[in-house]
Visitor: 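The structure's right below; bear with me while I get my questions together.
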Amino acid sequence: MSLLLRKVSFALAAMALVTVGLTGFACKAEAGIIPYSVIGPHEYQLPVGKEIPENGLNLLLSYNTWRDESAAYDGESGTRSLFANVNKFVHIFNIDGLDNAGFLWEGVLGFGSVKTKDNQSFTGMIDGQTGLVAWHKPTKNWTNVIEYWLYLPIGDNELSGHSWNHSIAYMTNYNVGGFTFDGDFGYKLMGDYKNNGVEAEQGNVFFANAVFAYKFMKQLEPFFKLDFQSTESGKNKLTGQKISGQHELAWGLGNQFTITDRLNLALWYEGPLDGRNTTKTNAGYARFIWTF
């Protein structure tokens with residue numbers, strides 16, 4: 001592709017983190033899912049010690065989003081729409097003697113579809129991820145979590161970030177009565193992008209997310225959320241042209257449904273509040289969690 005090359009880089013973290021980025025290296029407004037914006041209620045409310053069975057717990061998480069990418073804060077968007085289906089397998093385990101702690105390994109694979117402004121469509125497998133998570137529960141209501149992700153450039157050519165990236169995040173959950181708070185902040189270290197004759201330094205990303213929920217009954221747990229990301233500037237290494245940084249703050253409103261003790265569904269809408277050099281978030285999300 002030309003210098004208007006667009007990349008889509010998908011990622012996800014525990015209990016639900018996705019990163020999607022579309023980049024135009026010719027001063028187009030950038031677009032993308034805010035990292036970890038897929039988190040919902042109870043995302044980091046994790047079991048510890050003897051709450052975890054001897055053989056561990058397995059979870060399958062499916063995160064799905066459709067985004068209208070046609071409107072931008074500055075300039076014009078090079079993208080019409082984006083769909084992502086990101087699936088994560090999680091194995092939770094404990095270590096004898098650590099009664100207030102827990103651990104997990106996670107792996108991510110998924111599918112993406114992007115439609116550009118000039119009506120080109122790109123569909124296929126997105127980049128994978130693998131990660132490790134550890135957490136500690138100092139009180140019965142409060143959980144502190146640390147997570148590391150390795151991003152694997154194994155997706156289809158048009159949908160891969162074509163770089164090895166790393167991220168680390170602090171996450172927390174606090175719950176009392178029907179109220180639950182989940183939040184996180186983290187930093188993503190971006191490797192150099194190399195593909196089809198284009199080589200670029202990518203800006204690192206700071207992100208933060210918060211979810212406030214109240215459970216009235218199994219089928220009624222409304223929640224409000226805020227998601228923020230700020231991307232540092234980068235550089236086209238062949239031309240020396242600067243790739244502008246960007247930021248966005250978005251809000252979300254939705255509901256979580258407890259279908260069974262082993263299956264729940266969260267649905268929400270997410271919209272824009274403030275941003276620079278990025279498309280305006282206008283998206284629907286669906287998150288499924290199945291425990292087996």
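Numbers here simply count residues along the sequence, with the first being 1.
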Visitor: Taking I146 as the starting point, is it possible to reach Y174 by hopping between hydrophobic residues whose side chains are less than 4.5 Å apart?
Guide: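 They do share one cluster, since a chain of ILVMFWY contacts under 4.5 Å joins Y174 to I146.
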Visitor: Under the 3.5 angstrom rule, does the side chain of E248 hit a backbone N or O of S230 as a donor-acceptor pair?
Guide: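 No; zero donor-acceptor contacts below 3.5 Å.
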Visitor: Looking only at heavy atoms, what is the nearest atom pair of Y193 and G161, with distance?
Guide: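 Taking Y193 first and G161 second, the nearest heavy atoms are CD1-O, 3.0 Å.
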Visitor: Are any non-hydrogen side-chain atoms of N64 and F288 less than 4.5 angstrom apart?
Guide: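 Result yes, sub-4.5 Å side-chain heavy-atom pair found.
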Visitor: Kindly indicate whether the side chain of F122, heavy atoms from C-beta on, has any atom under 4.5 Å from the side chain of N157.
Guide: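 With C-beta onward as the side chain, the pair stays apart.
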Visitor: Would you mind telling me which of N165, T231, I168 makes a side-chain contact (heavy atoms from CB on, under 4.5 Å) with K188?
Guide: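 Looking at N165, T231, I168, the match for K188 under the side-chain contact (heavy atoms from CB on, under 4.5 Å) is N165.
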Visitor: Can you pull the ring pair (Phe, Tyr, Trp, His ring centres under 6.0 Å) pairs that have at least one residue in residues 214-238, sequence neighbours excluded?
Guide: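 Of all non-adjacent pairs touching residues 214-238, those that pass ring pair (Phe, Tyr, Trp, His ring centres under 6.0 Å) are Y214-F216, F223-W268.
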Visitor: Within the side chain of N209, is there an N or O that forms a donor-acceptor pair under 3.5 Å with the backbone of G183?
Guide: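 No; judged by distance alone, with no hydrogens or angles, the pair does not exist.
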Visitor: Out of curiosity, H136 NE2 to N144 CG, how far, rounded to the nearest 0.5 Å?
Guide: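 Going from the NE2 atom of H136 to the CG atom of N144 covers 8.0 Å.
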Visitor: Mind checking whether D184 and Y170 have side chains closer than 4.5 Å, heavy atoms only?
Guide: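 With C-beta onward as the side chain, the pair stays apart.
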Visitor: For H162, is there any backbone N or O sitting under 3.5 Å from a side-chain donor or acceptor partner on N195?
Guide: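 Pair absent, no side-chain N/O of N195 close to backbone of H162.
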Visitor: Can you see whether S77 engages E69 through a side-chain donor-acceptor pair at a distance of less than 3.5 angstrom?
Guide: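 No.
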Visitor: Among pairs that include at least one residue of residues 221-231, which meet salt bridge (charged side-chain N to carboxylate O under 4.0 Å, His left out), considering only residues two or more places apart or in two chains?
Guide: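 Counting only pairs at least two positions apart or across chains, the salt bridge (charged side-chain N to carboxylate O under 4.0 Å, His left out) contacts touching residues 221-231 are K225-D227, K225-E270.
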Visitor: Tell me if a side-chain donor or acceptor on R262 pairs with a main-chain N or O of T291 at a distance below 3.5 Å.
Guide: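 Such a contact is found between R262 side chain and T291 backbone.
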Visitor: Linking I/L/V/M/F/W/Y whenever their side-chain heavy atoms sit closer than 4.5 Å, directly or via other members, would Y148 and L152 fall into one cluster?
Guide: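 Y148 and L152: one cluster.
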Visitor: Would you please test N204 and Y187 for side chain to side chain contact (heavy atoms under 4.5 Å, CB included) and show each step?
Guide: CA-CA 7 Å; N204 298 327; Y187 196 69; 3.3 Å; yes
Visitor: Please lay out, stage by stage, how L226 and L273 fare under the test side chain to side chain contact (heavy atoms under 4.5 Å, CB included).
Guide: CA-CA 9 Å; L226 292 169; L273 282 175; 4.0 Å; yes
Visitor: Do you see a donor-acceptor pair shorter than 3.5 Å between the side chains of N282 and Y269?
Guide: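 Y269 and N282 do have a side-chain donor-acceptor pair below 3.5 Å.
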Visitor: Which value, rounded to the nearest 0.5 Å, describes the distance between N175 atom CG and K215 atom NZ?
Guide: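 If we round to the nearest 0.5 Å, N175:CG and K215:NZ are 11.0 Å apart.
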Visitor: Without swapping roles, check the side chain of T143 against the backbone of T172 for a donor-acceptor pair under 3.5 Å.
Guide: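 Checking the backbone N and O of T172 against the side chain of T143, no donor-acceptor pair under 3.5 Å is found.
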Visitor: Do Y285 and S37 have side chains that get closer than 4.5 Å, going by heavy atoms?
Guide: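 They are in side-chain contact.
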Visitor: Pick one: which of K242, M190, K237 meets side-chain contact (heavy atoms from CB on, under 4.5 Å) with E201?
Guide: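 Of the listed options, the one satisfying the test is K237.
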Visitor: Keeping D74 on the side-chain end and N277 on the backbone end, is there a donor-acceptor pair under 3.5 Å?
Guide: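 Yes: the side chain of D74 pairs with the backbone of N277.
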Visitor: Between NE2 of H42 and CG of D182, what distance do you get to the nearest 0.5 Å?
Guide: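 Going from NE2 on H42 over to CG on D182, the span is 7.5 Å.
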Visitor: How about T123 and F111: do any of their side-chain heavy atoms sit closer than 4.5 Å?
Guide: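 Yes, close enough: below the 4.5 Å cut-off.
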Visitor: Considering only heavy atoms from C-beta outward, does the side chain of E51 approach that of L46 to under 4.5 Å?
Guide: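 In short, these two side chains do not touch, never coming nearer than 4.5 Å.
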Visitor: Nearest 0.5 Å, please: how far is NZ in K137 from CG in N173?
Guide: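 Interatomic distance, N173 CG to K137 NZ, rounded to 0.5 Å: 8.0 Å.
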Visitor: Carefully, step by step, assess T180 and F212 under the rule side chain to side chain contact (heavy atoms under 4.5 Å, CB included).
Guide: CA-CA 6 Å; T180 299; F212 305 86; over 6 Å; no
Visitor: Over all heavy atoms of both residues, which pair between R276 and G245 is shortest? Give the atoms and the distance, please.
Guide: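 Answer, listing the atom of R276 first, then G245: NH1-O, 3.2 Å.
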Visitor: Mark yes or no for whether D156, through its side chain, and E158, through its backbone, hold a donor-acceptor pair below 3.5 Å.
Guide: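 Between the backbone of E158 and the side chain of D156 there is no qualifying donor-acceptor contact (under 3.5 Å).
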Visitor: Within the structure provided, determine whether Y44 and V133 are in side-chain contact (heavy-atom separation under 4.5 Å).
Guide: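 Of all side-chain heavy-atom pairs linking V133 with Y44, none is under 4.5 Å.
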Visitor: Hydrophobic clustering (ILVMFWY, side-chain heavy atoms < 4.5 Å, transitive) - are V176 and F181 grouped together?
Guide: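 Yes, because F181 and V176 connect within a single hydrophobic cluster, where side-chain heavy atoms sit under 4.5 Å apart.
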Visitor: How long is the gap from CZ on F89 to CG on L61, to the nearest 0.5 Å?
Guide: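 The CZ atom of F89 sits 10.5 Å away from the CG atom of L61.
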Visitor: If you draw a 6.0 Å radius around NZ in K218, do more than 12 non-hydrogen atoms from other residues or ligands fall strictly inside?
Guide: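 Counting other residues, nucleotides and ligands, NZ of K218 stays at 12 neighbours or fewer.
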Visitor: I need the minimum non-hydrogen distance between S160 and G155, along with the two atoms involved.
Guide: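 Looks like CB-O, 3.7 Å.
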Visitor: Does one side chain, of N141 or T139, offer a donor that lies under 3.5 Å from an acceptor on the other?
Guide: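 On atom types as modelled, these side chains do not qualify, holding no pair under 3.5 Å.
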Visitor: Tell me whether L267 is reachable from I259 by hopping between hydrophobic residues (I, L, V, M, F, W, Y) whose side-chain heavy atoms are closer than 4.5 Å.
Guide: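 Same cluster.
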Visitor: To the nearest 0.5 Å, tell me how far K235 NZ sits from Q241 CD.
Guide: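 The distance works out to 12.0 Å.
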Visitor: Under 4.5 Å between any side-chain heavy atoms of L159 and V114, yes or no?
Guide: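 In contact.
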Visitor: Taking the side chain from N255 and the backbone from Q219, do they hold a donor-acceptor pair closer than 3.5 Å?
Guide: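 Such a contact is found between N255 side chain and Q219 backbone.
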Visitor: Can you name the closest pair of heavy atoms from G128 and L109 and give their distance?
Guide: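 In terms of heavy atoms, the two residues are closest at CA-CD2, 4.4 Å.
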Visitor: Would you tell me whether T258 and N264 have side-chain atoms, one donor and one acceptor, within less than 3.5 Å of each other?
Guide: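 On atom types as modelled, these side chains do not qualify, holding no pair under 3.5 Å.
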Visitor: Regarding Y36 and E147, is there a side-chain donor-to-acceptor distance under 3.5 Å anywhere?
Guide: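 Their side chains do contain a donor-acceptor pair, which is all the 3.5 Å distance test asks for.
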Visitor: Pick out which of T116, D68, N119 makes a side chain to side chain donor-acceptor pair (under 3.5 Å) with R80.
Guide: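 The passing option is N119.
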Visitor: How are the rings of F93 and F103 set relative to one another: parallel (under 30°), tilted (30 to 60°) or perpendicular (over 60°)?
Guide: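 It falls in the parallel class, under 30°.
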Visitor: Give the intermediate values and the outcome of side chain to side chain contact (heavy atoms under 4.5 Å, CB included) for residues W105 and L132.
Guide: CA-CA 5 Å; W105 169 82; L132 294 170; 4.0 Å; yes
Visitor: Under the 3.5 angstrom rule, does the side chain of R287 hit a backbone N or O of Q256 as a donor-acceptor pair?
Guide: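 It does not hold such a pair.
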Visitor: Could you give all pairs that pass the side chain to side chain donor-acceptor pair (under 3.5 Å) test and reach residues 91-103, with sequence neighbours left out?
Guide: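 Qualifying pairs, neighbours excluded: N58-H91.
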Visitor: What heavy-atom pair brings A283 and T65 nearest, and what distance separates the two atoms?
Guide: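 What the structure gives for the nearest pair is CB-OG1, 3.9 Å.
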Visitor: Same hydrophobic cluster for V211 and F185, using side-chain heavy-atom links shorter than 4.5 Å among ILVMFWY?
Guide: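 Different clusters: V211 never reaches F185 through Ile, Leu, Val, Met, Phe, Trp or Tyr contacts under 4.5 Å.
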Visitor: Is it true that atom CH2 of W142 has more than 12 heavy atoms of other residues, nucleotides or ligands lying nearer than 6.0 Å?
Guide: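 At most 12 heavy atoms, drawn from other residues, nucleotides or ligands, come within 6.0 Å of this atom.
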Visitor: What are the two closest heavy atoms between G186 and F206, and how far apart are they?
Guide: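 Heavy atoms of G186 and F206 come nearest at O-CD1, 3.3 Å.
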